[in-house]
Amino acid sequence: MDDQQAESAAGTATLLSGWLSRAQVAAEIGVSVDTLARWETRRIGPPCVRIGRKVLYRAEAFREWLVSRERHPVSKGARPGGER
């Protein structure tokens, strides 16, 4: 690899650092790539960016989406719909 190719490869790595591929996100949360594609269509999955056929997820936005999906435990004795 000559210096120009090395600089190009390093520039790409730097440019896309902080971004995840659909396959990486799918592997992280244990769902299929097809499931992520379906979620994108329904607008229920993590925010993403489309560039041609490539789909990328900003790592920080993905983490924020995960946190937004967090459910807090129900306190003991609480009933759905409030007190009666």
Side-chain angles (χ1 to χ4, degrees):
M1 184 182 291
D2 66 12
D3 288 340
Q4 188 176 12
Q5 287 175 325
E7 285 178 21
S8 177
T12 302
T14 302
L15 179 65
L16 294 179
S17 65
W19 293 86
L20 305 168
S21 70
R22 183 172 271 167
Q24 288 173 307
V25 170
E28 282 293 321
I29 59 176
V31 299
S32 72
V33 171
D34 290 339
T35 295
L36 278 178
R38 195 168 39 257
W39 288 356
E40 180 189 355
T41 302
R42 294 178 181 171
R43 297 178 189 257
I44 60 173
C48 63
V49 172
R50 243 181 201 285
I51 306 199
R53 292 183 177 183
K54 191 166 189 89
V55 178
L56 298 171
Y57 298 84
R58 191 169 49 88
E60 188 56 35
F62 174 60
R63 285 185 198 96
E64 290 169 5
W65 176 80
L66 282 175
V67 169
S68 76
R69 309 284 298 167
E70 184 176 24
R71 293 187 181 171
H72 298 286
V74 177
S75 59
K76 197 171 189 177
R79 302 176 96 187
E83 303 239 352
R84 295 187 183 194

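Start at 1 with the first residue, then count along the sequence.
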Does Lys54 reach the side chain of Leu56, with side-chain heavy atoms less than 4.5 Å apart?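 Yes. Closest side-chain heavy atoms under 4.5 Å.
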Taking all non-hydrogen atoms of both residues, which atom of Ala61 and which atom of Pro47 are closest, and how far apart?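 Result for this residue pair: CB-CG, 3.9 Å.
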Is there a side-chain hydrogen bond (donor to acceptor under 3.5 Å, both in side chains) between Ser32 and Thr35? Walk through the geometry before answering. CA-CA 5 Å; Ser32 72; Thr35 295; 3.0 Å; yes
Could you state the interatomic distance from CD (Glu40) to CZ (Arg50), rounded to the nearest 0.5 Å?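 Output value for this atom pair is 4.5 Å.
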Check whether more than 12 heavy atoms from other residues, nucleotides or ligands sit under 6.0 Å from atom CZ of Arg43, and answer yes or no.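 Not buried by this count: 12 neighbours or fewer within 6.0 Å.
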For atom CD of Glu28, is the number of surrounding heavy atoms from other residues, nucleotides or ligands below 6.0 Å larger than 12?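 Open: at most 12 neighbouring heavy atoms sit under 6.0 Å from CD of Glu28.
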Tracing side-chain links under 4.5 Å among I, L, V, M, F, W and Y, which residues wind up in one group with Val25?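 Members other than Val25 - counting any ILVMFWY side chain reachable under 4.5 Å - are Leu20, Ile29, Val31, Leu36, Trp39, Ile44, Val55, Tyr57, Phe62, Trp65, Leu66.
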Which residues share a salt bridge (Lys or Arg N to Asp or Glu O under 4.0 Å) with Glu60, sequence neighbours left out: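 Expected list: Arg63.
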